[in-house]
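Beneath this line is the structure, given in C-alpha cells, with notes to follow.
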Amino acid sequence: MSHSQNKSAALMQGVIIAIYLAILTLLEYFVAVAFDAVPLLIVVAIIKAVLVVYYFMHIYKLNQKDSDTNHESYAYKTITNRLGLWLFLISDGFVFAGLLVMRINLLGLTRPELNQTLGLVVTVVLLLSSFFMNRGEMQMAHGDVKGFMRNTAITFILGLGFLLGVVMIEWRGVPAIAEPILHFFGEPEGMKALTPSSGDASTGPLGAVFFMMTGMHAFHVLTGLIFLFVVWNNARKGVYTAEKHWGVEAAAVYWHFIDLVWIFFYPALYLIGTAVGAP
Amino acid sequence: MLGALFGAVSFLVGCGVTDDWIKWARGIDTSDHHEEHWHGWEKFLNVSFDHKVIGIQYTLIALLLLGVGGTFAMIFRTELAASQLQFLTTDLNLFGQTGPQLFNTLMSLHGMIMIVSILLGISGIINYAVPLLIGAADMSFPRLNAFSYWISVPAAITLVSSLFLGGFDTGWTGYPPLSARAPVGMQMFFMGVFIAGWSSILGALNVIVTALRMRAKGMTAMKMPIFVWASIATSIISMTATQFIGLAFQLVMFQRLFGMGFFDPAKGGNPVLFQHLFWFYSHPAVYVFILPGLGVISELLPVFVRKPLFGYRWVAMSSFGIALVGFVVWAHHMFTSGMNEYLRVPFMYSTLLVSVPTGVKFFSWVATMWKGRISTPTPMLFVLGGIVVFFMGGLSGPPHATVSTDLHLHDTYFVVGHFHDTIFGGFVFPFFAAIYYWFPKATGRRMNEFWGKVHFWLMTPSFFILTFGMMYVGLLGMRRRIADYDPALGLDSAHLILTIAGFAIFTSVIIFGINLFYSIKHGEKAEGNIWNSRSPEWQVPSPMAAHNYSKPLEVIGEPYDYGLKDAPYTRFIEPASAGKSKH
C-alpha cells in the first residue's frame, strides 16, 4: 500500500491497518492461550509495531525533502520539529526498554495472574483509540476540522477508558466498581490477583514489576490525554488548517507511541510465561 | 521528594521559561525573535532564548559547581593528609552527621557535583559554539534550550541540599541495598540527578536537531567543523543512555518510598540489575564528558599549528566509533560484582577496543603538529596539556579493562588516579582552553595572558603529582572512599604531597576565576580575529550580535586548510538589494 494523498483512500487505509492489528492481537491472545510460544508472540508484537510505526506514525515523513529552504518558514520548521519529536520518542523508548529489561531479569518466564478478558479489552480499546486518532489526523490534513474534533473526542474517551480500566479496575483501585466489572468479565474463582491495597507492590517482584510498568505507561497515557485535550481545544478555536497543523501531528504521533509501547507491554505482562498468583 | 519535584516545576513556571508554551497550549502564536529586555550582566540572571546567553549561563553554573565540588575535595583531602582522624572526628556533629559520615557525604557529593558540573560545562561550550560554527542564528528549539538550562538550577540546589538533610554514604554510584537504607539525603541526591538528567536529555536532543537542520548553505557533512561532529556523537549518548540512569534511580526511589523490592534480594529483587542499568549510562557518560573536549582539541590545534587537520574524515568518524563502542562496555565496572563469569572476557575485549578510535585521534593530533609552526598562547597550552594528560589517562586504562589486573586494582586509589587523568585531559583542560579561546568572542576583550600562563604552569605539574601519586598509593594498597588508613601502610608522606598538590590545583583555578571576572571589564580589547582562525565566527567583529550573522553564510572550502593561500572556508552571501544599491 502506498501512502495516498486522497482523503477517502487515506481513511480506508486506516481501517485496513486497524483490521490487521485486531487480527494480530487476537492471534496473540489465542497463541498464548493455546500454546507456550514466546518467539511467536515476539514476532507478532514486532509486526504490529512495524504497522503502527509506518502507517499510523508515518515514520517515512522523516525522509521528506524540504519544499522550502528558508529556515524560518512553517514547512521547514515542521520537518525540524518532526525530527525533534522522533528523537524524543527514541529517548523515551529507552525508559520502556529499561523496564522490559527489568521485567525479564526479575520475572523471567513467569507473569502475574491477571484477568485475561480485561487485559484483552483494554488492549483493544487502546488500539481503537489509535485508529480514531489516525482518522482524525487524516481529516485535519484534508482541512476537515469538524471531523478531526469528533474523532479526537472519541480518541480521548477511549484513552480515558483505557486509563481507568488499568488504574481503577485492573489495579482494583476502586473495589466497588472493579468487582462487578471483573465478575462480568468472568474472573475465575480463587484467582490471586495483585492489589496495591493489600501491599502486593511491596511483597515481591511480581507486584513491583507489574505496578511499575503499568504505572509508567499510565503516566504517559495521562500526558497524552492532556495533549489531546490541548489540540482539541485549539482546533475548536480554529488554530489549525490543512497546511498548518503540526500540533495535531505531534499529538497523534505521541498517542500512537503510547499504543506502540503497549503492543510490547501487553504480551510481556499478560501473555508470556506461566501465571503466578499474588503471594 | 514531591516537594523537590513540585518546587522544580513551579520554579520553572515562575521564572517564565514556559510562558510561550502555555500560550501555544492556549492557541496563541508567539514571535520567534524575542526582544531582550535586559542588558549587560542582568541578562544572565533572566530567562533568555539566545543560545549565546544560555551557553554562558551554563558555563557560569558549571564553574560555580566546579568550585563547590572542588571545595568539598579540599576538605576531605585535608583529612587524608595524615593517617588517623584529625578534624572529621567521631565527636563532630554537623548536619546530623559525625565526622566520618560527613567525609562520606562530601566524597560522594564531590563525585556527583563534578559530574553535573561537567555535563553543564559541555552544554555551555556546545550551546555557545555549535550554532556559531554552523552559521545558524540560534538553536532549533530556543525555548526548549532555555528550559534545559533553567531546570538545571533546581537540580543543582536539590543535589547540594542532600548535604544538609542527613547526607549519605554510598559514593556517587548510589548502589543499593546501601542506598535503599541511607538517610533522606540520598533521596535528594537521586532527585537532583534525575532532574539534571532531563536537562541533559533535552539539551542533547536540541543539539542533534540543530546540527542536522540549521547548517549554513553548502556545509555538507564532511565540511562540518570537528567540534560539531563531536557534539552530535556526545548528544546521541546523552539523549538515549541517560534514560537508564534516570530509571535506575527512580526504581531505588520507589523502593525507598513504597517498599517495592526491585533491588532487594529478600523481596525477590536483584541488586546486580541496578548496576547494569546504572553503568549502561554511567560508562557511556564518561564519553559524553570527553568527546566534546577532544573535539575542542581537534578544533583548536590546527589554528595554533597553522596546518590542516590530519585525517579529517577519520577524526570525525572516530567520535562516533567511541560513542558506539561505548554502549557495549558497561559491565567492565562489574568484574567483581558477582555477574556471570562468562560475560567478563567479551566485555574486556570490547573495552580494549575503545583504544582504537581514541588512537586515531592521537595519531591525527601528533601528525597535525608535525612540522607545524606552533605558537603557544594560553588556549594552545591547555590544548597541549589536555593531549598529554589524556594520554596518561588512556595508558592507565587497559590495566582496569583486563580482568586479571582489575580484580586487584578494583576499588583502589589507582582507579581514582586513572579517572582524574582521563577527565582532566578529556574535559577540564579543553574546557579551560575553550574558555580562553572563545572568551574574546563573548566579551570583546581577552583574558590576561600572563595569569593564564600562571594558571597553566601551576595546574599541570601539580596535577601530574596528584594523579601519579594517587596511582602510586593505590598500587600500594590504599582503598578509595575511606576517611582513615593504617599508618603501617607507610603512606602518610605520599598523602601529604597529594594534599599539597590538590591545594595547588585549587589555587590555580582561583587564579583563573579572578582572571575571568577581572577581564570581563578590564581585559585588553580584542574585537578582531585575534587567533587568526578560519572559523566563521571569527570573521565578524566581537562580541557577537544578538542573532549572530547579519548576512547568511555560504561554505565554499574545507574547514581546516590552514597555511594554504586563497582557500577560504566561508563567505557571506551579499543580499541582492545591496548589490543593486551600488549602481
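Residue numbers begin at 1 in each chain, while the letters A, B, ... track the order of the sequences. Because the structure is a prediction, the values reported are computed rather than measured.
Taking 4.5 Å as the heavy-atom cut-off, the residues of residues 102-112 of chain A that approach chain B are A:Met102, A:Asn105, A:Leu106, ordered by number.
The nearest pair of heavy atoms linking A:Leu83 to B:Arg213 is CD2-CG, 3.9 Å. Taking both residues in full, the closest heavy atoms of A:Phe94 and B:Phe244 are given as O-CE1, 3.2 Å, listed atom of the first, atom of the second, then distance.
Between chain A and the residues B:Val209, B:Asn270, B:Leu273, the largest count of heavy-atom pairs under 4.5 Å involves B:Leu273. Looking only at heavy-atom pairs under 4.5 Å with chain A, the residue among B:Leu251, B:Asn206, B:Leu202 that has the most is B:Leu251.
Within the 4.5 angstrom heavy-atom criterion, atoms from both the backbone and the side chain of A:Asn81 approach chain B. Looking at A:Ile79, both its backbone and its side chain come within 4.5 Å of chain B, counting heavy atoms on both sides. With a 4.5 Å cut-off on non-hydrogen atoms, A:Tyr76 touches chain B through its backbone and its side chain both. At a 4.5 Å heavy-atom cutoff, B:Ile236 makes no contact with chain A through either its backbone or its side chain. Looking at B:Leu212, the atoms closer than 4.5 Å to chain A (heavy atoms on both sides) all sit in the side chain, from C-beta outward. Of the two parts of B:Phe262, the backbone and the side chain both hold a non-hydrogen atom closer than 4.5 Å to a non-hydrogen atom of chain A. Interface remark: B:Leu247 contributes side-chain atoms only to the contact with chain A (heavy atom separation under 4.5 Å). Heavy atoms of A:Ile90 lying under 4.5 Å from chain B belong exclusively to its side chain. The contact between B:Gln250 and chain A is made entirely by side chain atoms (from C-beta outward), counting heavy-atom distances below 4.5 Å.
In this structure, the side chain of B:Gln243 engages the main chain of A:Ser91 through a donor-acceptor pair within 3.5 Å.
The number of heavy atoms from other shown groups lying within 6.0 Å of OH (A:Tyr74) is above 12. For A:Asn63, the CG atom is loosely surrounded, since the number of other residues' heavy atoms within 6.0 Å does not exceed 12.
Take B:Ala146 and apply the side-chain contact (heavy atoms from CB on, under 4.5 Å) test, not counting sequence neighbours, and it matches B:Val17, B:Val47, B:Phe49, B:Ile54, B:Trp150.
For the pair A:Thr80/B:Phe141, a side-chain contact is recorded, criterion being any heavy-atom separation below 4.5 Å from C-beta on.
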